[in-house]
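For ligands, and for the atoms within them, numbers begin at 1 and follow the listed sequence. Throughout, numbering of the chain's residues begins at 1 and tracks the sequence.
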Amino acid sequence: MSDFVIGESDFLLDGRPFRILSGALHYFRVHPGSWADRIEKARLMGLNTIETYVPWNAHSPRRGVFDTEGMLDLQEFLRLVAEAGLYAIVRPGPYICAEWDNGGLPAWLFSQPGVGVRRYEKQFMTAVEEYLHNVLSIVRPLQIDQGGPVLLVQVENEYGAFGDDQVYLKSVAEIIRAAGITVPLVTVDQPVGNMLAAGGLDGVLRTGSFGSRATERFATLRAHQPTGPLMCMEFWDGWFDHWGGPHHTTSVEEAAAELDALLASGASVNIYMFHGGTNFGLTSGANDKGVYRPTITSYDYDAPLDEAGNPTPKYDAFREVIARYAPVPDERPAPAAPAPTYSVTLEEPIRLLANPGHWGAWSDHASMPTLDELDARLVLFRTDIDVEGPALLTVGDVRDRAMVFLDGHPVGVLDREQHDNAIMLPRGRGRLELVVEDQGRVNYGPRIGEPKGLIGSVRLGSQVLSNWSACTIDLDAVPGLWAAGSTDALGVGPTAWRASLEVERSADLFLHTETWGKGIAWFNGFCLGRYWRRGPQATLFVPGPLVRPGLNELVVLELDVLADPTARFGPRLSLGPVEL
Ligand code: GLA
């Protein structure tokens, strides 16, 4: 049993000053078979702590559910951290930002009329309390004062960048305390006066998030946190990418110099990220500051360990810097070996528009429902239209992309990022089909919690279209589509393909997607995430623990067009062009 408290100017571990050298590693972005490997590599870089967020919406896809299986086994993750001799920081939100869908808030929350978002409102608080009790019942026995690794628990996340409801913030802290958390609590804010003022709480240690100019940032933080240790809770050593943008990197020398300056000041640090990992499945978020920009699948972050968990030059540079301030183990992790390469043909296409009933369930609606009302990420909407001549189709808000078909022929795409909300149909008569896709919920700012789908009315000329049939596509069932036995002739619209891949041994693989269009891929039933020809990323990471000696199955759902139905697995990550 140890004792960890906040002293006048330091963290005190059993009465002695203790500097936290932490690295961010999100268990939900790494295959559990690789957790121990990544934690060990953190130890070898000289870190003494691992920090993780907890994503509420991943654990609770439906109200009343709290899933802790597989990649969501927080208890096992913390156990492995302890087994490696490291400490832990847990940041359960309820809001986490983190480039994660909706900043971690479950979409089901927002089906309650009048529900508050990150403010003291009864429905929101009831759900928050339920969630925090579930998470913290895992964390409580793993606190340092109970023999576990957990040193700190964070309240909310950069709240000062969002709101100023002190009653809310205080009540989140009280819920955390009432759930039996006895270790010190912290908040984090960008080091800007008004954010620190609105996002902090008396009795809770304020920390900062920044990637440069440590001395100046800590001076700002100090003005709001007159005593206690200084800590950068998010030392940004890289950044995330958006579809269609460059791959972000930071200079190794500059990042190392910034870390050096931070450590020279005597402060504690959490390196964000130590290892970013992957937004597997459909978990990535989006930003929208006037233009909607969805986040890519890779969360490489240009971190010391790359997306596949291999050490980069930044790893060595940070290790060297840390060694100036703290003991670092002699051993250095082995460099990455090139991955085995394969090329297989994608076959047996099954087309959504040919037989949607195989893909999900149909329902009828007088007016167009949202994707939230249908509890789906991808929906085929259908209605019959009947007006003279060419006709203008307009939609209030497209969230986030709608592929338009008339009598089975593609007419075009309405894309939120382009602010497209109207398209001319060549004629006003026939079967209108819209395939509507949620590309990731906004995770920062006032748009968190907004509904997905075609929001507002869908009109043909001045007439509001009614009587829709909706086929909610069950994405989890896509890898099982072939069980029915039939395949289709090639044609337009979303199409599922599959290939089998024979491998000799289990190893990480890098699936090249740059010759494909836009879609989603699964490996042995596990959803690797989205791909898009816009890049920047040109590979999807296939974690080694998913790959089994012998036959493996790859399934690809191409929404647009697969010009070359070949799946190539290359030797290494390809994260795309870097802007100089
Ligand atoms: C902020 C948030 C993090 C993350 C980073 C950017 O600091 O607190 O969750 O979104 O920005 O990567």
Side-chain angles (χ1 to χ4, degrees), residues 22-29 50-58 89-105 118 152-163 169 172 186-192 195-196 198-200 204-214 217 220-221 231-243 245-250 255 258 262 269-279 283-289 293-305 307 314 440-448 575:
S22 172
L25 167 57
H26 301 152
Y27 59 100
F28 46 94
R29 284 180 156 133
I50 296 288
E51 177 274 321
T52 186
Y53 277 128
V54 180
W56 180 2
N57 53 358
I89 299 171
V90 180
R91 303 199 291 162
Y95 162 81
I96 61 169
C97 194
E99 290 67 72
W100 190 256
D101 189 63
N102 231 8
L105 299 180
R118 303 177 72 195
L152 296 172
V153 171
Q154 185 179 293
V155 181
E156 250 276 352
N157 192 78
E158 291 191 339
Y159 185 65
F162 180 84
L169 201 57
V172 173
V186 295
T187 53
V188 66
D189 278 289
Q190 293 159 42
V192 179
M195 294 195 191
L196 281 161
V204 174
L205 183 76
R206 292 169 180 84
T207 70
S209 52
F210 54 85
S212 61
R213 309 209 300 269
R217 311 299 198 187
T220 310
L221 178 60
M231 177 162 187
C232 175
M233 186 53 86
E234 291 181 25
F235 170 68
W236 300 323
D237 57 358
W239 205 244
F240 55 92
D241 299 339
H242 291 134
W243 292 114
H247 171 49
H248 289 93
T249 57
T250 57
E258 296 288 359
L262 193 159
V269 70
N270 175 45
I271 295 171
Y272 192 99
M273 298 294 298
F274 163 65
H275 171 44
T278 308
N279 297 311
T283 59
S284 46
N287 285 85
D288 191 333
K289 294 177 180 166
R293 297 201 189 286
T295 300
I296 65 166
T297 299
S298 171
Y299 201 61
D300 178 90
Y301 217 84
D302 199 33
L305 292 188
E307 184 183 4
K314 204 174 267 175
R441 286 171 198 272
V442 172
N443 58 265
Y444 185 83
R447 285 179 173 271
I448 49 178
L575 296 172

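When only interatomic distances are considered, the shortest N/O to N/O separation between Ile96 and ligand 1 falls below 3.5 Å. For ligand 1, the polar-atom distance check against Cys97 finds no nitrogen or oxygen pair separated by under 3.5 Å.
With salt bridges taken as basic N to acidic carboxylate O contacts below 4.0 Å, none links Glu99 and Arg29. With respect to the salt-bridge test (charged N to carboxylate O, under 4.0 angstrom), the residues Lys314 and Asp302 qualify.
Under the 4.5 Å side-chain criterion, counting only non-hydrogen atoms from C-beta, Phe235 is not in contact with Ser22.
For Trp100, the heavy-atom gap to ligand 1 stays at 4.0 angstrom or more. Ligand 1 lies within reach of Tyr301, whose nearest heavy atom is under 4.0 Å from it.
Residues satisfying the ring-ring contact (aromatic ring centres under 6.0 Å, His included) test with His242, not counting sequence neighbours, are Phe240.
Between atom CD1 of residue Ile296 and atom CG of residue Leu575 there is a gap of 6.5 Å, rounded to the nearest 0.5 Å.
No part of Tyr444 comes within 4.0 Å of ligand 1, judged by heavy-atom distances. Contacts between Asn157 and ligand 1, counted as non-hydrogen atom pairs separated by less than 4.0 Å, involve the side chain only.
Below 30°, between 30° and 60°, or above 60°: for Trp236 and Trp239 the angle between ring planes is above 60°, a perpendicular geometry.
From the protein, the heavy atom lying nearest to atom 7 (O) of ligand 1 is Glu234 OE1, 2.3 Å. The protein heavy-atom contact nearest to atom 10 (O) of ligand 1 is Glu99 OE2, 2.6 Å.
For ligand 1, the atoms closer than 4.0 angstrom to any heavy atom of Phe240 are 6 (C), 12 (O). Within the listing of ligand 1, atoms 1 (C), 2 (C), 7 (O), 8 (O) sit less than 4.0 angstrom from a heavy atom of Glu158. Atoms of ligand 1 lying under 4.0 Å from any heavy atom of Tyr53, numbered from 1 in the order shown and given with element: 2 (C), 3 (C), 8 (O), 9 (O). Atoms of ligand 1 lying under 4.0 Å from at least one heavy atom of Trp239, given by number and element, are 6 (C).
Between the side chains of Thr278 and Glu307, a donor-acceptor pair is found at a separation under 3.5 Å.
Aromatic rings from Trp100 and Tyr53 are positioned such that their centres are separated by 6.0 Å or more.
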